[in-house]
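Before any comments, here is the structure.
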Amino acid sequence: MKDRVKPLEGVRNFRDFGGYEGAEGARIRHGKLYRSGHFGEASDNDLAAIDLLTITLQADLRRPDERERHGDKWPVRGVNRLYSDLGRETDAPHVNFLKQVAVDAEASKGWMRDYYKNAPYRPALVETYTAWFAHLANLHEDEAALVNCAAGKDRTGILCALTHHALGVSMDEIFHDYELTNEAAQVADRLPEAREYFNTMLEKAYEDEVYRPFLGVERQFLEAAVASIEEQSGDIDTYLTSTLGVDDTKRAVIRKKLLV
């Protein structure tokens, strides 16, 4: 799976998150599960490349205001698009945080940890996460599915981790795929440009590291989500069953569809 990351022109962090070893030594089928950022800036070449992947199911985890602001150039046809109309915001929550009088890198990481603690129980995400697993169980042999949000790293990262867990992927591999965002989204290269953009918009003079948590990921963020799930639900399996409706029967169907 050396070609896991798909270098598109206007879509960030697009990659195949299949191929990992799952339950009983089986592997997730290649070309069945994809993840990415939004498609508002997709080029014609991007659309042509994506069209070849037979994606028929999309879980779009963006808020309604994000969908309106970013727009969409994909999907164009034949895609069952899942989303929630809950959780509308006037401004992006992380931008409101950055508007504070003084913010440093540790404060940014703390904000992100708190976001991950709350995310698994946010009604809008629970609604779309639940729908994702319900439709994944009905995926046909020749069809693929995709998860995206704005950047394809946080809300998407949590759902991909939950999907991996349901398929029996080890925690080491789950974190490996999660941290691959930093490479796939070219965080190191984009950070100086992002700093200039946000500092100009916010009239601040923050250093690069203040913005890194909003471009990339750190293991501690996903660990915060897992810890929150364990605290509130007992463990990930119970969360999948009680919060998202992924019981043993549905999990078995999903594994049969996606593992080989």
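Keep in mind it's a predicted model, so treat the numbers as computed, not measured. The figures here come from the full heavy-atom set of this structure, side chains too, leaving out hydrogens, waters and symmetry mates.
A distance-only check finds no donor-acceptor pair linking the side chain of Lys32 to the backbone of Ala144 [under 3.5 Å]. Between the Lys204 side chain and the Gln100 main chain, a donor and an acceptor come within less than 3.5 Å of each other. With Arg15 contributing its side chain and Arg35 its backbone, the two residues share no donor-acceptor pair below 3.5 Å. Checking side-chain atoms of Ser84 against main-chain N and O of Glu127 turns up no donor-acceptor pair under 3.5 Å. No donor-acceptor pair closer than 3.5 Å links the side chain of His176 to the backbone N or O of Asp172. Using modelled atom types, no side-chain atom of Ser233 and backbone atom of Asp235 make a donor-acceptor pair closer than 3.5 Å. Judged by distance alone, with hydrogens and angles left aside, the side-chain atoms of His70 form a donor-acceptor pair with the main-chain N or O of Glu66 at under 3.5 Å. Side chain of Asn182 to main chain of Gly216: no donor-acceptor pair is present (N/O by atom type, distance under 3.5 Å, no hydrogens or angles). Within the 3.5 Å criterion, the main-chain N or O of Gly168 finds no donor-acceptor partner in the side chain of Tyr20. In this structure, the side chain of Asp46 engages the main chain of Ser43 through a donor-acceptor pair within 3.5 Å.
In this structure, NZ in Lys153 is found 10.0 Å from CD1 in Ile158, a value given to the nearest 0.5 Å. In this structure, Arg69 CZ and Asp91 CG are separated by 8.0 Å, a value rounded to the nearest 0.5 Å. Separating the CG atom in Leu139 from the CG atom in Leu33 is a distance of 8.0 Å, to the nearest 0.5 Å. With rounding to the nearest 0.5 angstrom, the CD atom of Gln58 is 6.0 Å from the CG atom of Leu146. Between Lys73 atom NZ and Glu41 atom CD the span is 7.5 Å, to the nearest 0.5 Å.
No more than 12 heavy atoms of other residues, nucleotides or ligands sit less than 6.0 Å from atom CZ of Arg12. Counted within 6.0 Å of CG on Asp248, heavy atoms from surrounding residues, nucleotides or ligands total 12 or fewer; the atom is thus considered open. In Tyr83, the OH atom is not crowded: 12 or fewer heavy atoms of neighbouring residues, nucleotides or ligands sit closer than 6.0 Å.
Between Trp132 and Leu162, every side-chain heavy-atom pair lies at or beyond the 4.5 Å cut-off. Side-chain contact check for Val246 versus Thr241: every heavy-atom pair is 4.5 Å or farther apart. When side chains are defined from C-beta on, Val217 does not count as touching Val187, because their heavy atoms never get closer than 4.5 Å. A 4.5 Å side-chain heavy-atom check between Asp60 and Asp72 finds at least one atom pair inside the cut-off. Side-chain contact between Thr243 and Thr238: absent, with no pair of heavy atoms (C-beta onward) separated by less than 4.5 Å. Contact of the His165 side chain with the Asp237 side chain is registered, since non-hydrogen atoms from C-beta on lie closer than 4.5 Å. Taking 4.5 Å as the limit, every side-chain heavy atom of Arg27 sits out of range of all side-chain heavy atoms of Leu259.
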- Query: Should His164 and Asp177 be marked as a side chain to side chain donor-acceptor pair (under 3.5 Å) after you check the CA-CA gap, both sets of side-chain angles, and the distance that decides it?
  - Reply: CA-CA 10 Å; His164 276 157; Asp177 185 79; 4.5 Å; no
- CA sep, side-chain torsions, deciding dist, call: Lys109, Glu218, salt bridge (charged side-chain N to carboxylate O under 4.0 Å, His left out): CA-CA 9 Å; Lys109 292 178 183 179; Glu218 292 189 25; 3.7 Å; yes
- Step by step, would you call Glu68 with Arg88 a salt bridge (charged side-chain N to carboxylate O under 4.0 Å, His left out)? CA-CA 11 Å; Glu68 293 165 5; Arg88 178 179 291 275; 2.8 Å; yes
- Item | Worked verdict on Arg195 versus Asp208 for salt bridge (charged side-chain N to carboxylate O under 4.0 Å, His left out) | CA-CA 6 Å; Arg195 180 202 63 217; Asp208 288 10; 2.6 Å; yes
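Looking at every heavy atom in both residues, Leu136 comes nearest to Lys257 through O-CG, 4.5 Å. Val11 approaches Ala42 most closely through the heavy-atom pair CG2-CB, 3.7 Å.
A continuous path of Ile, Leu, Val, Met, Phe, Trp and Tyr side chains, each step under 4.5 Å between heavy atoms, connects Leu53 with Val79, placing both in one hydrophobic cluster.
Using modelled atom types and a 3.5 Å distance limit, the side chains of Thr181 and Asn13 yield a donor-acceptor pair. A donor and an acceptor atom, one from each side chain of His38 and Asn148, are nowhere located under 3.5 Å apart.
Using bins of under 30°, 30° to 60° and over 60° for the plane-to-plane angle, the ring pair Phe39/Trp74 lands in the tilted bin.
For Phe17 and Tyr178, the ring centers sit 6.0 Å or farther from each other. Checked against the 6.0 Å centroid threshold, Phe14 and Tyr34 count as a close aromatic pair.
Residue Trp111 forms a ring-ring contact (aromatic ring centres under 6.0 Å, His included) with just one option from Phe214, Tyr116, Tyr211, and that option is Phe214.
Annotation: cation-pi pair Arg219/Phe175 present, NZ/CZ under 6.0 Å from the ring centroid and within 45° of its normal.
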